[in-house]
Peer 1: 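Handing you a structure now.
Values in this document were obtained by computation on a predicted structure and should not be read as measured data.
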There are 2 protein chains.
Amino acid sequence: MKKIIILYGLSLAALLFLMQWLQFGFIIRDMSLEFYLGVVAVVFTAVGVWAGLRLTNSKTKIILKTHFNFNEAEYTRLGISKRELEVLHLMAQGFSNQEIADKLFISLNTIKTHSANLFLKLEVKRRTQAVQRSKELMLIP
Amino acid sequence: MKKIIILYGLSLAALLFLMQWLQFGFIIRDMSLEFYLGVVAVVFTAVGVWAGLRLTNSKTKIILKTHFNFNEAEYTRLGISKRELEVLHLMAQGFSNQEIADKLFISLNTIKTHSANLFLKLEVKRRTQAVQRSKELMLIP
DNA sequence: CAAACAATCATACTTTTGGGTGATGGATAA
DNA sequence: TTATCCATCACCCAAAAGTATGATTGTTTG
């Protein structure tokens, strides 16, 4: 990351030196100021794209793997409750309704109610689909 | 994507118009050419970074999603058959055993056999766990 | 060729899941 | 304070999933 910044500084310096050198030449007065500005703009756009990609490429991958952004918008839009989300999490981890019930210290019937409500809200028919869909919607990692 | 290119062109045009306008002003001669070039360079680096991220952000995600490296090592190590893998895929897509049977034109009982074998090989008890595990092992996307 | 394996299917049985309905207590909002 | 929503639970029934066992056919491989 620091290399990128150093390289960028060097590019800027190189530009200035180039300009200095060109002042002793004869080309500088043959072209308009706009032309030079345009060239510099295009070149440094390219530099920017390159630097931007360099800086974010490695980060992007890590972000996508480790950093999970909960989709609050969909969560509220679908009207899913906290408890239901909790059940959904355990469901996604492959637990049976009975196991979920044991973990949350509530009855199996309650889990069934929660899951049934979840399936309604997620518009799915099976728990596998619910897990799939809620992952797509970024409700669970 | 096209919007980005259009916006970039507009930025360039804006720069030229700004220069044209400044020629009638008084600021242009107070500062050195190098200064302007530096400013333009920095600004267009920023534009470049922004445009670069815009252009690649969606692509990066797609690449990460579509590019899936099948873990052949685990596949052979666990001794999973082609047909079983096929069933696993459909299972992961949230299909019921009956639906999978219909898709593959084989009996429901056969699917049950395949899935039972899968659960043994994957060392899991339920289909949700099988899906989870096989995703971890990079057997399915 | 015989053994091993993959794919197919069956039958029978148990467990899990899902659908529908209704009920209760508590919190919260109109 | 009444209405609404959430969380809880129960009961019943049906469907789906999973377990166990055994059998047949075709392919592959030592």
Peer 1: Partners of Lys121(A) by salt bridge (charged side-chain N to carboxylate O under 4.0 Å, His left out), sequence neighbours excluded?
Peer 2: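 So Lys121(A) forms a salt bridge (charged side-chain N to carboxylate O under 4.0 Å, His left out) with Glu84(A).
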Peer 1: Given axes from five pairs at either end, by how many degrees does the helix from dC1(C)-dG30(D) to dA30(C)-dT1(D) bend, rounded to 10°?
Peer 2: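 Answer for the end axes of this duplex: 50°.
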Peer 1: By the salt bridge (charged side-chain N to carboxylate O under 4.0 Å, His left out) test, which pairs, at least two apart or in different chains, include something from residues 88-101 of chain A?
Peer 2: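 Pairs touching residues 88-101 of chain A that pass the test: Glu99(A)-Arg126(B).
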Peer 1: At what distance, to the nearest 0.5 angstrom, does CG of Asn71(A) lie from NZ of Lys135(A)?
Peer 2: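 It comes to 15.5 Å.
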Peer 1: Mind calculating the distance between CZ (Phe105(A)) and P (dT8(D)) to the nearest angstrom?
Peer 2: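 For the pair Phe105(A) CZ and dT8(D) P, the rounded distance is 13 Å.
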Peer 1: Indicate yes or no: at least one non-hydrogen side-chain atom of Thr110(B) is less than 4.5 angstrom from one of Arg83(B).
Peer 2: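 They are not in side-chain contact.
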Peer 1: Taking the side chain as C-beta and beyond, is there a heavy-atom pair between Ile100(B) and Glu86(B) under 4.5 Å?
Peer 2: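 No; the side chains remain at least 4.5 Å from each other.
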Peer 1: Checking Gln93(A) now: which residues fulfil side chain to side chain contact (heavy atoms under 4.5 Å, CB included) with it, not counting sequence neighbours?
Peer 2: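 Gln93(A) satisfies side chain to side chain contact (heavy atoms under 4.5 Å, CB included) with His89(A), Leu90(A), Phe95(A), Gln132(B) only.
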Peer 1: I need the Thr128(A) OG1 to Met91(A) CE distance, nearest 0.5 Å.
Peer 2: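 Answer rounded to 0.5 Å: 10.0 Å.
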Peer 1: Go through Gln129(B) and Phe119(B) one step at a time and tell me if the side-chain contact (heavy atoms from CB on, under 4.5 Å) criterion holds.
Peer 2: CA-CA 9 Å; Gln129(B) 292 179 340; Phe119(B) 299 159; over 6 Å; no
Peer 1: Apply the test side-chain contact (heavy atoms from CB on, under 4.5 Å) to residues Leu104(B) and Ile111(B): give CA-CA distance (whole Å), side-chain angles for both, the deciding distance (0.1 Å), then the verdict.
Peer 2: CA-CA 9 Å; Leu104(B) 300 181; Ile111(B) 300 300; 4.3 Å; yes
Peer 1: Distance check, rounded to the nearest 0.5 Å: Leu85(B) atom CG versus Ser134(B) atom OG?
Peer 2: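 Taking CG in Leu85(B) and OG in Ser134(B), the distance rounds to 8.5 Å.
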Peer 1: Can you sort out the partners of Leu137(B) under side chain to side chain contact (heavy atoms under 4.5 Å, CB included), two or more places apart, ordered by chain and number?
Peer 2: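 Counting only residues at least two positions away or on another chain, Leu137(B) forms a side chain to side chain contact (heavy atoms under 4.5 Å, CB included) with Glu74(B), Leu78(B), Leu122(B), Arg133(B), Leu139(B).
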Peer 1: Looking at residues 123-131 of chain B, who's got a heavy atom less than 4.0 Å off DNA chain D?
Peer 2: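 Listed by number, they are Arg126(B), Arg127(B).
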Peer 1: Kindly state which residues belonging to residues 71-98 of chain A come within less than 4.0 angstrom of DNA chain D, counting heavy atoms of the residue only, listed by number.
Peer 2: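 Ser81(A), Lys82(A), Arg83(A) - these, ordered by number, are the residues of the stretch whose heavy atoms sit under 4.0 Å from the strand.
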Peer 1: Compare every heavy atom of Ala92(A) with every heavy atom of Ile140(A), then report the nearest pair and how far apart it is.
Peer 2: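 Shortest heavy-atom separation between Ile140(A) and Ala92(A) comes out as CD1-CB, 3.5 Å.
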Peer 1: Thr113(A): what forms a side chain to side chain contact (heavy atoms under 4.5 Å, CB included) with it, not counting sequence neighbours?
Peer 2: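 Counting only residues at least two positions away or on another chain, Thr113(A) forms a side chain to side chain contact (heavy atoms under 4.5 Å, CB included) with Asn117(A).
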Peer 1: How far does CZ of Arg77(A) sit from CD1 of Ile80(A), to the nearest 0.5 angstrom?
Peer 2: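 Rounded to the nearest 0.5 Å, the CZ-CD1 separation comes to 9.5 Å.
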Peer 1: Under 4.0 Å, heavy atom to any atom of DNA chain D: which of residues 107-118 of chain A qualify?
Peer 2: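 Hits under 4.0 Å, by residue number: Ser107(A), Asn109(A), Thr110(A), Thr113(A), His114(A).
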Peer 1: Give each protein N/O atom lying under 3.5 Å from an N/O atom of nucleotides 25-30 of chain D, with the pair distance.
Peer 2:
none

Peer 1: Please identify the 5'-most and 3'-most nucleotides of DNA chain C with any atom under 4.0 angstrom from a heavy atom of chain A.
Peer 2: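 The footprint of chain A covers dT17(C) to dG19(C).
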Peer 1: Return the OG to CD distance between Ser107(A) and Gln98(A), rounded to the nearest 0.5 Å.
Peer 2: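 Atom-to-atom, Ser107(A):OG and Gln98(A):CD are 8.5 Å apart.
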Peer 1: Tyr75(A): which residues meet the ring-ring contact (aromatic ring centres under 6.0 Å, His included) condition with it, sequence neighbours left out?
Peer 2: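 Once residues adjacent in sequence are excluded, the partners of Tyr75(A) under the ring-ring contact (aromatic ring centres under 6.0 Å, His included) criterion are Phe70(A).
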Peer 1: Using 0.5 Å steps for rounding, measure from the CZ atom of Arg127(A) to the CG atom of Leu88(A).
Peer 2: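 If we round to the nearest 0.5 Å, Arg127(A):CZ and Leu88(A):CG are 10.0 Å apart.
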